[in-house]
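Step one of this worksheet: look at the structure below.
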Amino acid sequence: MIAKVIVDVPTSQTDRLFDYAVPKEWENVIQPGIRVVVPFGPRKIQGFVIDLEKESTLNKIKPIEDVLDVVPVLTQELLELGEWLSEQTLSFKLSAYQLMIPAAMRTKVKKEIVLLTERQNLPASLQNYFEPGKKTLWSDVILDQKANLKLVQELVREGLLEVRYQVEEKGHKKTARYIKLADPNVQLEEIPTRAAKQREIVDFLKESIEPISVQDLLKKLQTTRQVITALVKKGYIHEFEKEVYRDPLAGVQFEQTTPLPLTEQQQQVIEPILDSLVTKQHDTFLLHGVTGSGKTEVYLQAIDKALQLGREAIVLVPEISLTPQMVQRFKGRFGSKVAVLHSGLSMGEKYDEWRKILRKEVEVVVGARSAIFAPFTNVGIIIIDEEHETSYKQEENPKYHARDVAIFRGSYHQCPVILGSATPSLESYARAKKQVYQLLPLTTRVNQRAMPAVEVVDMREELRNGNRSMFSYTLLEMLKDRIEKGEQSVLFLNRRGYSTFVMCRDCGYVATCEHCDISLTYHRTQHSLKCHYCGHEEKMPNTCESCGSDHIRFFGSGTQKVEEELTRVLPTARVIRMDIDTTRRKGSHERLLSAFGRGEADILLGTQMIAKGLDFPKITLVGVLAADSMLHIPDFRSAERTFQLMEQVSGRAGRHDLEGKVIIQSYTPDHYSIELVKSHDYEHFFKMEMSQRKVALYPPYVFMVLINISHPELTKVITVSEKIASFLKREMQESTTTILGPVASPLARIKDRYRYQCMIKYRNEPRLLETLREIQQHFIRDMNQGQLQVSIDMHPYMFT
DNA sequence: AGCACGCCGACT
DNA sequence: GTCGGCGTGCTC
């Protein structure tokens, strides 16, 4: 029996199956999806068993050395999915499989030197590195003193030393000491009356069914370790190690909720979903529901049905909206059947949540993008909430989109996939219109409240009227009004595309990074200038580097600056600021939000992170300070993003009894992406935007591929880019496919590397993946030893 | 990725 | 003559 193995070496040369002999004793143990340790060249590494076969075509086959899992960590489905994913994203199979297991299970290989003789037999210079009973790390010996390498090599040859490779997982299972009665029928009378505490413990253990950890017992019975030790010594109880889960939500109480009665509309949209659940049909639904229309309740009841049918559910939520409020709703309905996976958890916590899924201890997983790979085997429903969110696309290799993976899995399990959004992506909505997805509209809010009134303020007009501050008269008046009434306001500053750069007022010189073609950002806390791309940091200059003038000013407005301005114009206002700076510490996000929820501030000022999930009854005003900052980013989706964001932010106001109002400040108030927020008219926006996309030939009218080429030398980048572009032009169908470029990337240099890009727009190109593989293959050499990077992004979202 | 093999320059 | 630089190619 031989095993086909993908080894843990992420290079294109090793991106294929390797054959290993399965030792006789392990023939029933080793199955596809299990991780093993295999010899690879002179070392040992981890590998995934993909397949088993009777025999190999090769004659020199090494045996599998060790087995890392008892149960396969990748199901047959996930093995197939990984194969498909690596094909679709042009990445290594290994990288696809590594996506599917928690980081804690990835292994590192330790290289150690073992002493096979007495220390005295070694040359004096090496003796100090070896201590009896201790392991010696290769790196300790060699990195210390370069000359050691030769010495060690010789000693290995002579048989005095040996080099060993130790494959270790990064994470560990957490264990705790547990105790149980040695004999469950033990008589209490056997224990002397004077040993009151011992009796108490035995009595307690007799009553309890589950074993209890030593820690918990000590706390519960208010006693000490000695008592237990005594009982163990006498043989009444046994002590043992038991694996425990790290519970990120320990101590949090979840209020049990029951299904709410559905509105007529909700009833209408849930029926087709339940239908395809029951008949085991793979349908993709686009649930288009305005904010507050009760999408989540539809999800919950659909999941409930799936669980009743004995099947599992995967729910994806964008990282930033994976707030305690959201988790609460799922935990509240399904209790301990839910596993939660997001980046806020420690590596160990993620590991534990993941193993709950593998062991079938949960039936629902709620998580960010990578939760789509949850190792369930009987998936009944997959839900992607806020499906338009760009965070569902991974920007690193493998550059996959969770939506595509969801549909793969939905088709595998013949189950429904629900994409939910108030502002669907153009791609999804277009597919729904073409009946590829089934459109399910929810047009009214559950509580029958109207959507908040939106007023767009023309900031050019304000300027003409002599208002040079960042707050319009209207917004300022409204803010004052809310403070007087004791109601709350949210101020939203979209900083993407904007930053606080530094410019000389005399000569116009802008401080830029010396390694990247981008302006430096001023950081007030350290009074320094930082580059957002490479992390380069320099002191804030006092005079202009170019002309020596001391008229240096900060431009752009960060939240800090808005906050200062706010306290100047509204001195009585209590403001909570939420941005990367104030939420860096773990848990501070929740702390600030709950403080605001308790009414400890009048105004919540923040960036993107407050656009989602915020739901407090006293918020009656939402202000957007610079609506068009996103609109001018050179990206064909900028209008779509602007509309989505404005709608999202508007949804924060007046969700409960009090009526809400939204003020949007803009320098381009007539642009349809801003104008149409007033009427909350998605359909209209869709039509407008689609006609733009049609003219300029952008998705959903075409598919796109972005090829990014970078190298420290500009000439090299240009020659490679041109080669790629002309190759593509030769290979692709001229009539329906367009090759754009090569052109310099919007960010033409990052970390001293010049960047060029080529773009492919196509409708139907059967040979596309094959051709792209050829390009990858062709430049392998330059990529391995040279500094060349060629990255290919199918269906890109980021064009920098 | 690592590591060995192998072919050219500067040294005890 | 050798030591060691890193280009090339292989790992079941």
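In what follows, chains are A, B, ... by sequence order, proteins preceding strands, each numbered from 1. Fair warning: this is a prediction, and the values are worked out from it, not measured in the lab.
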### Query
Does a donor on one side chain sit under 3.5 Å from an acceptor on the other, for Thr771(A) and Glu731(A)?
no
### Message
Less than 4.0 angstrom between a side-chain N/O of Lys44(A) and OP1 or OP2 of dA1(B), yes or no?
### Response
no
### Task
Determine the contact category for Lys108(A): base if any of its heavy atoms lies under 4.0 Å from a base atom, sugar-phosphate if only primed atoms, P, OP1 or OP2 are that close, otherwise nothing.
nothing
### Query
Atom CD of Glu65(A) to atom P of dC12(C): distance rounded to whole Å?
12 Å
### Query
Whole Å only: how far is the CD atom of Gln777(A) from the P atom of dG9(C)?
14 Å
### Query
Given dT11(C), is OP1 or OP2 found less than 4.0 Å from the side-chain N or O atoms of Lys60(A)?
yes
### Query
Does dC12(C) have OP1 or OP2 sitting under 4.0 Å from an N or O in the side chain of Lys62(A)?
yes
### Task
Mind calculating the distance between CD1 (Ile780(A)) and C1' (dG9(C)) to the nearest angstrom?
12 Å
### Query
With the threshold set at 4.0 Å, does a side-chain nitrogen-carboxylate oxygen contact exist between Glu427(A) and Arg637(A)?
yes
### Between P of dA1(B) and CD of Gln98(A), the distance in whole Å
13 Å
### Query
Are Arg355(A) and Tyr351(A) in a cation-pi contact, defined as NZ or CZ under 6.0 Å from the six-membered ring centre and within 45° of the axis?
yes
### Query
Once you round it to whole Å, what is the distance between P of dC3(B) and NZ of Lys111(A)?
3 Å
### Task
Take atom CZ of Phe40(A) and atom P of dG9(C), then tell me their distance rounded to the nearest Å.
17 Å
### Query
How many Å lie between CD1 on Ile45(A) and C1' on dA1(B), as a whole number?
9 Å
### Query
Counting side-chain heavy atoms from CB outward, which of dT11(C), dA1(B), dC3(B) is closest to Pro42(A)?
dC3(B)
### Task
Classify the side-chain pair Glu387(A)/Ser425(A) by whether it contains a donor and acceptor separated by less than 3.5 Å.
yes
### Message
Could you check whether any side-chain heavy atom of Pro742(A) comes within less than 4.5 Å of a side-chain heavy atom of Ile718(A), counting everything from C-beta outward?
### Response
no
### Message
Once you apply a heavy-atom cut-off of 4.0 Å, does Leu58(A) come out as touching a base, just sugar-phosphate, or nothing?
### Response
base
### Nucleic acid contacts of residues 13-26 of chain A, taken as heavy-atom distances under 4.0 Å to DNA chain B
Gln13(A)
### Message
Just so I know, are the side chains of Lys399(A) and Ser91(A) near enough to count as touching, which here means a heavy-atom distance under 4.5 Å?
### Response
no
### Task
Verify the neighbour count for atom NZ of Lys356(A): are there more than 12 heavy atoms of other residues, nucleotides or ligands below 6.0 Å?
yes
